[in-house]
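These numbers come from the heavy atoms of this one structure, side chains and all, not from hydrogens, waters or symmetry mates. In this text, all values refer to a predicted model and were calculated from it rather than measured experimentally.
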Amino acid sequence: MSACVPTRTSDSPHTERVHPPHSPPRAPHRRFRVAGADVSASIAVFLIALPLSLGIALATGAPLQAGLVAAAVGGLVAGRLGGSPLQVSGPAAGLTVVTADLIHRYGWRTTCAITVLAGLVQLGLGCLRVARSALAVSPAIVHGMLAGIGVTIAVAQMHIVLGGSPQSAVLDNLRSLPAQLADLHPAAVAVSALTLILLLLWPRLPGRTGRLLRKVPAALVAVTGATATAVFAGLTQPRVELPSWSSHALAGLPEGPVLGLVAAVLTVTLVCSVQSLLGAVAVDKLIAARPGLTAQVSRSDLDRELLGQGATNVVSGALGGLPVAGVAVRSAANVQAGAVSRNSTMLHGVLVVVAALLMVPVLELIPLASLAALVMAVGIQMVSLHHIRTVTRHREVPVYAITTLGVVFLGVLEGVTLGIAVAVAVSMHRLARTRITHDEKEGVHHVHVRGQLTFLAVPRLSRALHHVPHGSCVVVELDGSFMDHAAYETLQDWQRTHTAQGGSVELTGRRAATETDTGIGSGSGSGSEGVVPSSTVQPVNGTADSPLAGCRCRPWTPWRNHQCDAPPPEAPHGGPAAEHRAEPPNDPSDAEPDGRTSAVLPQVAESAVASGPARSAAASAPEPTEPSERVRQTDATGPGERTESIGAASAAAATGSGPSGRQLVRGISAFQRNTAPLVRGELARLAREGQQPSQLFLTCADSRLVTSMITSSGPGDLFVVRNVGNLVPPPGEESGDDSVAAAIEYAVDVLKVRSITVCGHSGCGAMQALFDAEPGGVQTPLKRWLRHGLPSLERMADPGRPWARLAGRAAADAVEQLCLTNVVEQLDHLRAYASVSRALRAGELELHGMFFHVGEAQAYLLSEAGEGRGEVFDHVGVADLSA
């Protein structure tokens, strides 16, 4: 019998199908299954999409059925073919202005043809795999485009809300608005006001009942409430009219000037593509916020998404539907409703088809004023204050404002074109704008270069360097991210000349780097290939013998515990250089307003000047009297850190003169500069609301265990208890440790944590000490503490208990085996606590065992392997995130 054919045992209850030799077995027949979460999510999305599709169709002036066609096709075609499984496509508010203009110019049938052509262009772009290039558009342009469209929508729908009819242009609508306000229609105003009130108040319903009611979409509640009120009150006003599907207008041959049609196709393609691709990226971020969903849903394939959107627009336009794009509101609702696959998007399309065929009498009860109020609210929300704050922070207000005004007064394509032009102009201005200043402080000349150092700034740089006297001490501060070849050669040639004339030069930038990386100061420019970013320039003294020549810090290790301290350079006669010292300022008032002192101080590798007064052991030696005698001592930190003063002269007194004190100052300073601005808002919220951690994390005090890094947690997530050996003293033990017990009681009874994790690690010094300890002897504090780990030793020595182990391999040695056993034993100690036991019985608490292998940077979680097999620590990988 061939070895490739499986044999059947006589006691096998099933008949195995034998496949031909050397061929894979047939794939099992897969039945189509829809998860319950997808069904509920599709209903939620359908309830949002139905009124919005009708409202957008109304705003464009298209047949109202066209909105339903676009919603159905977007759900079915884009849902099946698109590259973003959870993104929902349909008629989008961002396309309202474009579509309305096309209908006004060319008519409905030609607009459908333009939609088909735009879809074909999208298919071509998807085949060329250029989807990523669409993300190169500045966010300020995209936000400005959406804001301009939102303003246009709101102004137009205001007329319908007041009971009138909108004009085709924004200026015309603004001019006729006073007359419309003088001629109000009370019924339309009442229905619109009720719709807006429900939209505003429904998401803010308080209490448990409100939490349940808020699950119903506010848009559906607003339109339903306004419709019911209008029907029962007998208000006479225009309502939705859905003509028979037999008379539905389909796409026709495009008619109009060729250039105008080409511009229209490009406009629809641009708006649909950019909005869909940005929406797919946003959906990925929403999915990433749900760890259990990440393992089930893959990241968006942008090229496939562009192909799917192109196919959708071809089908929608051919069937007489509106242009289709990914819709942020519906996509967010889909993710938040718990969707787990593209089935939810497709089911929502099926529900739209059912509603369009069977719910026509109900839909025709909806007042047009209610839909207009709904779309007007959507338009107002498109002018996002968050986006305005973002562009303000990044100094892109001109791009945002020009794009918005251009879309409002000229059109979408014209506004986006203006926005791109302004964005390019702003970028060129930033690239060309370089500020170079020169000043002298206590005999040291400072040349400040702020901005990008290109050939355009070389004349001004040469002029500033020419004013520096020969033989003087110079600090050149490069505060930028780019330096081109011309600027690099100018700076290097001047540096060599100045040092040859007896002067000293120090170059400082944003990050540290080795001299071999920069090429400046080594006497050769070949290592840089002529282009050196200022972010890679470090302080040097013009020679190849810099104290930092052996530094190997890299920008990807900002937290690395590595100090670039080097012994002081030797004098020409071979002894230590007596002049190699720091000179503290005579008075704290000499410090500059930003905390940097003007005296010659110890430098860090990326410090702009000095960070604050620091005294060395050599400070008591006689000071050099001439600036040329001052030699800067370089004290480099890890990458990503720049020292700044903390309280000027008090910093030295607070931290001492040793490297550990300076490291503390550097760390705090880096936090205040880089991290504090990012977390200040979240910490302020936690300060107001108090801590509400979900986990108690009990681990070893080993410095290599960074809990926030291992668990990807942030402020307020973990309640951490650290001790030597991650031990949990049994409760009630005489001379036990009340600190750990108090933390456990506080976490369980007060903070109401949902889980407790005991985390051990490889190479644990406490377990090594416990393993090597001999009975008797002097009872030091360490020995007294490690007695709480003796049960772990006894557990490992008990032949009746199988050993805890790592999945796939045995423990490396006896100490690692003790580390694993200790985690299991400490979990047993935890269960003995009254508060923990009570919470476990009530189902309010879970216990987890964890082992972190330091050398492998790999986490393992404890799982029960079965009777007689002991406890197994399973490897944790990306695929396990759903657990």
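With sequence neighbours excluded, the residues satisfying side chain to side chain contact (heavy atoms under 4.5 Å, CB included) with A147 are V383, Y400, T404. A search for ring-ring contact (aromatic ring centres under 6.0 Å, His included) contacts involving W785 returns H788, not counting sequence neighbours. Partners of Q817 under the side chain to side chain donor-acceptor pair (under 3.5 Å) rule, at least two apart in sequence or in another chain, are T821. Take A742 and apply the side chain to side chain contact (heavy atoms under 4.5 Å, CB included) test, not counting sequence neighbours, and it matches no residue. Under the rule for a side chain to side chain contact (heavy atoms under 4.5 Å, CB included), the partners of S708 that lie at least two apart in sequence or sit in another chain are V706, S713. In this structure, the salt bridge (Lys or Arg N to Asp or Glu O under 4.0 Å) partners of E825, at least two apart in sequence or on a different chain, are R795. With sequence neighbours excluded, the residues that form a side chain to side chain donor-acceptor pair (under 3.5 Å) with N822 are S792, Q826. With sequence neighbours left out, R685 forms a salt bridge (Lys or Arg N to Asp or Glu O under 4.0 Å) with E682, E689. Under the rule for a side chain to side chain donor-acceptor pair (under 3.5 Å), the partners of Q87 that lie at least two apart in sequence or sit in another chain are E305.
Formation of a donor-acceptor pair under 3.5 Å by the R831 side chain with backbone atoms of L840 is not found in this model. W202 places no side-chain N or O within donor-acceptor distance of the main-chain N or O of A219, the cut-off being under 3.5 Å.
In this structure, N334 and L86 approach most closely via the heavy-atom pair ND2-O, 3.0 Å.
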Residues 204-212 side chain polar contacts: donor-acceptor under 3.5 Å, at least two apart:
{"residue": "R204", "atom": "NH1", "partner": "L200", "partner atom": "O", "Å": "2.6"}

Scan the side chains in residues 845-853 for donor-acceptor partners under 3.5 Å anywhere in the protein, sequence neighbours excluded, and list what turns up.
{"residue": "E846", "atom": "OE1", "partner": "H848", "partner atom": "NE2", "Å": "3.2"}
{"residue": "H853", "atom": "ND1", "partner": "G855", "partner atom": "N", "Å": "3.4"}
{"residue": "H853", "atom": "ND1", "partner": "E856", "partner atom": "N", "Å": "3.1"}

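The distance from the CG atom of L374 to the OG1 atom of T195 is 7.5 Å, given to the nearest 0.5 Å.
Counting heavy atoms from C-beta outward, R841 and S837 have side chains that approach closer than 4.5 Å. Counting only heavy atoms from C-beta outward, the side chains of L820 and L862 never approach each other to under 4.5 Å.
Applying the salt bridge (Lys or Arg N to Asp or Glu O under 4.0 Å) rule to pairs touching residues 704-719 yields D702-R704, sequence neighbours excluded.
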